[in-house]
Amino acid sequence: MSTTRRARSVLGIRPFRRLWAVTYLCSVADWLAMLGLTGLVTKYTDDYLLQNFAFVGVVLTQLLPGLLFAPLGGLLADRFDRRKVMICADLARFALLFSIPIVGSPIWLFVANFMAGSAAMMWIPSKDAAVPNLLRRPDQVETANQLGLFMTYGLAVVSGAGLYSVLTGVQTTLGISPDAFGEFGIANAVVFINALLYLASAILIATRIPELSLRNVHPVPESTAASRDAAASDDEAAEDQVGFIAMVRQSFSYIRRTKLVRGLLIGMMGAFAAGGAVIGAAKPYSSSLGGGDASFGLLFVAVFVGAATGLAMVPKLARRLPHDRLFGVGIVLAGMALIVVALSPHLAVSLVAAAAVGACAGAGFLTGVTIIGSQIDDAMRGRINAIYQSLLKIIIFGSTAMVPVLIGLVQPHKVTVWGNELIIDGTRPVLLGGGLLAALVGVIAYRQMDSRRTEPILADLRNIMRRRPRRMNGLLIALEGTAATDTGTQAGRLADALRTGERDVVLATDPALDDERLQGIVSGASLSSARAQALAAAAVRADIVERDIRPALDSGAIVVMERFVDSPLAHLAAVAGLDSSELEGLADWATARLRPDLAVLLDTDPAAGDAEGGANGTSAGPQHWRVQQLLTEMASADPQHYVVVDADGSPDEVAGRIHTAVQCALAGKVPGLSKRGRPKTDRDSGAPADDTAGPRDGETEDTGPRDGDTREAGERATQGTAP
C-alpha cells in the first residue's frame with residue numbers, strides 16, 4: 001500500500017481524524033506562543049540586552065517543564081482518564097496565556113509560560129498513549145505517528161508562522177493607526193488568539209472525541225518481547241488503585257524487566273546525545289569547511305531533508321525488517337554517518353553524510369515511537385512515552401550546552417587535503433565522539449531488543465537491498481502431494497515428531513474443516529466456473545495464512561501444513577486447465593508471497609493412484625499423472641526448498657522417511673528442532689523404513705523463513721534410519 005493510501009485509511013477513522021485536527025490546533029498554538037510571547041516581552045522593556053534575551057527566555061521556559069514534569073504527565077496518563085487530563089491541560093493553558101496580557105508583567109509572562117509548558121507535559125503523554133486505541137489495527141500506529149510528526153513539525157510550523165505574520169502585519173497592511181489597539185494592542189491580540197486556540201482544543205476534546213477515554217483496545221500479543229519479559233509485573237501494572245510512588249516503582253521495574261523498553265531507552269539516549277553534538281557543533285563545523293554561513297544553511301537543510309526522507313521510508317523498510325531490528329540498525333548507521341561527517345574533507349561529502357544522519361535518525365525516532373505505541377502495554381504506555389520525551393529534552397539540552405565547552409578545548413589547526421585548505425578544530429573530535437557513541441549504543445540497543453537471534457541480521461539487510469518482504473521468526477514446512485488424506489495424515493505425524501524439540505510446533509489447520517469451508521463457499525455462492533472456484537480457494541488460503549500461519553511464525557513456532565500452495569496450484573492447472581503462471585500470481589497475492597522454508601513432496605506411484613481412484617482424494621486417471629508431473633516439475637525447478645520422499649508403503653514407513661528427510665535437510669541450520677524424536681507409529685515397534693530421496697545439493701544463506709526470498713533451506717536428504 002502506498003503512503004497516500006495508508007494515510008487515507010488512517011484518516012478515514014473519525015476519532016483519529018478529529019484528534020489529528022486537535023493536534024493541529026495545539027501545535028499551531030505552541031508555535032504561535034513562541035513567536036507571540038517573544039514579541040510581547042520585547043514591548044515590556046526598552047533595554048537592548050533584555051530584548052536580545054527575550055527569545056531565549058521564552059524557549060527555555062517552554063523547554064524546562066519537559067525536563068522536570070514529563071514523567072508526571074506519564075503517571076497522570078496511566079492513572080486517570082486521558083481525555084479528562086487533556087481537557088484540564090488545555091483549559092489551564094488557555095487561562096494562563098489569557099492572563100498574560102491582562103497582568104502585563106514580564107515576570108508573570110515567563111512564569112505563566114513555564115506553567116503552560118508544564119500543562120503541555122500533561123497533555124502530550126495522554127495524547128500519545130491514546131492514539132493506538134483510536135485505530136482499527138496495531139499496524140496503523142506507524143502511519144498515525146507519521147501523520148502526527150508531519151502535522152507538528154511541518155504544517156503547524158508553517159501555519160503558526162504564517163498566522164503570526166498576518167496578525168502582526170495587519171496594522172501596517174491596512175494602514176491602521178498605531179494607537180487604535182492601544183500600546184501593546186497587536187501583541188496582546190496575538191496572545192489572546194493563542195489562548196483561544198487552546199480553548200477550542202478543550203471544547204473539541206470534550207464534545208467530539210469521547211473515544212480518548214478508551215483503554216487497552218489492542219492488547220499487546222503475548223508473543224512480543226515486551227509481554228514475555230514483563231509477564232511477572234503484569235499483575236502489578238494492572239492494578240488501578242495505586243499511588244504515584246508505587247506507579248513510579250512499577251515504571252522502573254517494567255523497564256528493568258523488559259528488554260525491549262530497556263534497549264529502546266538506551267538507544268535513544270545515545271541518539272539524542274549525538275543529536276545534541278550535531279546541534280552544538282553545526283555552526284563552527286560549517287566554518288571549518290570554508291563555506292561560511294552558506295554551508296551552515298546547506299547542512300541544516302540536508303539534515304532535515306534526510307530526516308523527512310527517513311520518516312517516509314520507515315513503513316517500507318518495516319516490511320523487510322522488524323521494528324526491533326530497524327531501530328538498532330538505524331542508530332548504528334546514523335552514528336557511522338556522523339563519523340563520516342567528522343572526517344569529511346569537503347562540503348559535498350558533508351552534505352551527503354549529514355542527509356544520511358538525518359534519514360537514519362528520523363527512521364530511528366519514528367520506529368521508537370511506533371514500538372511504544374504498538375508493543376508496550378496500554379497500562380504503561382503513558383509513562384514510557386513520558387520518559388521517552390523527557391530523555392529527549394534532557395539529553396539534547398545537556399549535550400548542546402556541553403559541546404561549545406568541549407570544542408573550546410581544541411585549538412584550530414589548518415591542514416591541506418587534496419589541495420584544499422581544511423580547518424581542524426574541536427568540532428571534529430566532538431562529532432567523531434558523538435558518532436562512535438551513537439554506533440556503540442545502537443549495537444547495545446540492538447542486542448537488547450532483537451527477538452530474532454536465530455536469524456542473521458545480514459540476511460535481513462539483503463532483503464532491504466533486494467526489496468523483498470521481511471522474514472519472520474518461525475519455520476514453515478509444507479507437505480505436498482496428490483492425495484489429500486496422505487498429506488493430512490503425514491502432516492499430523494510430522495508435527496507430533498517435531499514437538500519433542502525445543503520450539504513450539506503448530507499444525508496450521510484442520511484440512512477437513514477447511515475443505516468444508518471451501519465447499520461451503522463454493523456451494524453457497526453457486527460457483528461453477530473453475531476461475532471462481534480458484535478465487536474461493538485463494539480466499540480460504542489467505543484467511544488461513546493471516547489467521548493461523550503468520551501469528552505462529554511471528555512467535556517463532558514451527559508450522560507444519562499440508563498442501564500449502566503447490567498442490568492446489570497443480571490440481572487446478574491439471575483438472576481445470578487454468579494457466580499455472582496466473583494461478584501462481586493469485587497464490588502470491590493471497591499469501592503475501594509467503595513460501596515454505598521446506599516443502600516435502602510425497603512421491604506416489606501413479607499406477608496406485610489410478611487403482612484407488614478418487615477414494616482418498618486422489619485425482620483419477622490421466623489427471624493424477626498430470627498433477628504428479630506438475631509437482632515433480634516444481635520440485636525440480638526449486639531443489640533448494642524441496643525434498644522428495646517415496647510415499648509408497650505403510651503410513652509408518654512414510655512417516656519415518658519424511659522425518660529423516662526433514663532432519664537431514666535442516667540439521668545444523670535451524671536451532672531448536674527435535675534431535676531424538678521420531679514419528680508416532682501404530683505399532684511403535686522400532687524405527688520406520690528409511691527410503692528417502694531429496695533434491696540436489698544446495699547451500700543455505702540463512703535460517704529464517706523464505707518470504708518471497710531465494711534463501712536455500714536444505715540439502716538433499718540422504719537415505720538412513722530415522723533418528
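We're numbering straight along the sequence, starting at 1.
Proximity of a side-chain donor or acceptor of R383 to a complementary backbone N or O of L75 within less than 3.5 Å is not detected. Judged by distance alone, the side chain of S9 and the main-chain N or O of R6 form a donor-acceptor pair under 3.5 Å. In terms of modelled atom types and a separation under 3.5 Å, the side chain of T258 and the main chain of I255 share no donor-acceptor contact. Not a single donor-acceptor pair under 3.5 Å links the side chain of N145 to the backbone N or O of L366. Under a 3.5 Å cut-off, the side chain of W31 and the backbone N or O of T152 do form a donor-acceptor pair. Within the 3.5 Å criterion, the main-chain N or O of L11 finds no donor-acceptor partner in the side chain of W20.
Exactly one of V58, T61, N194 qualifies for a side chain to side chain contact (heavy atoms under 4.5 Å, CB included) with L37. That residue is V58.
Using a 4.5 Å cut-off on side-chain heavy atoms (C-beta onward), M380 and V261 make no contact. With contacts defined as side-chain heavy-atom distances shorter than 4.5 Å, the pair M121/L72 does not qualify.
Applying the side-chain hydrogen bond (donor to acceptor under 3.5 Å, both in side chains) definition to pairs two or more places apart or across chains, none involves residues 351-366.
Under the ring pair (Phe, Tyr, Trp, His ring centres under 6.0 Å) criterion, Y198 pairs with no residue at all, not counting sequence neighbours.
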Practice problem: Tell me, with the steps shown, if D30 and R93 meet side chain to side chain contact (heavy atoms under 4.5 Å, CB included). | Solution: CA-CA 10 Å; D30 291 340; R93 290 193 282 185; 3.5 Å; yes
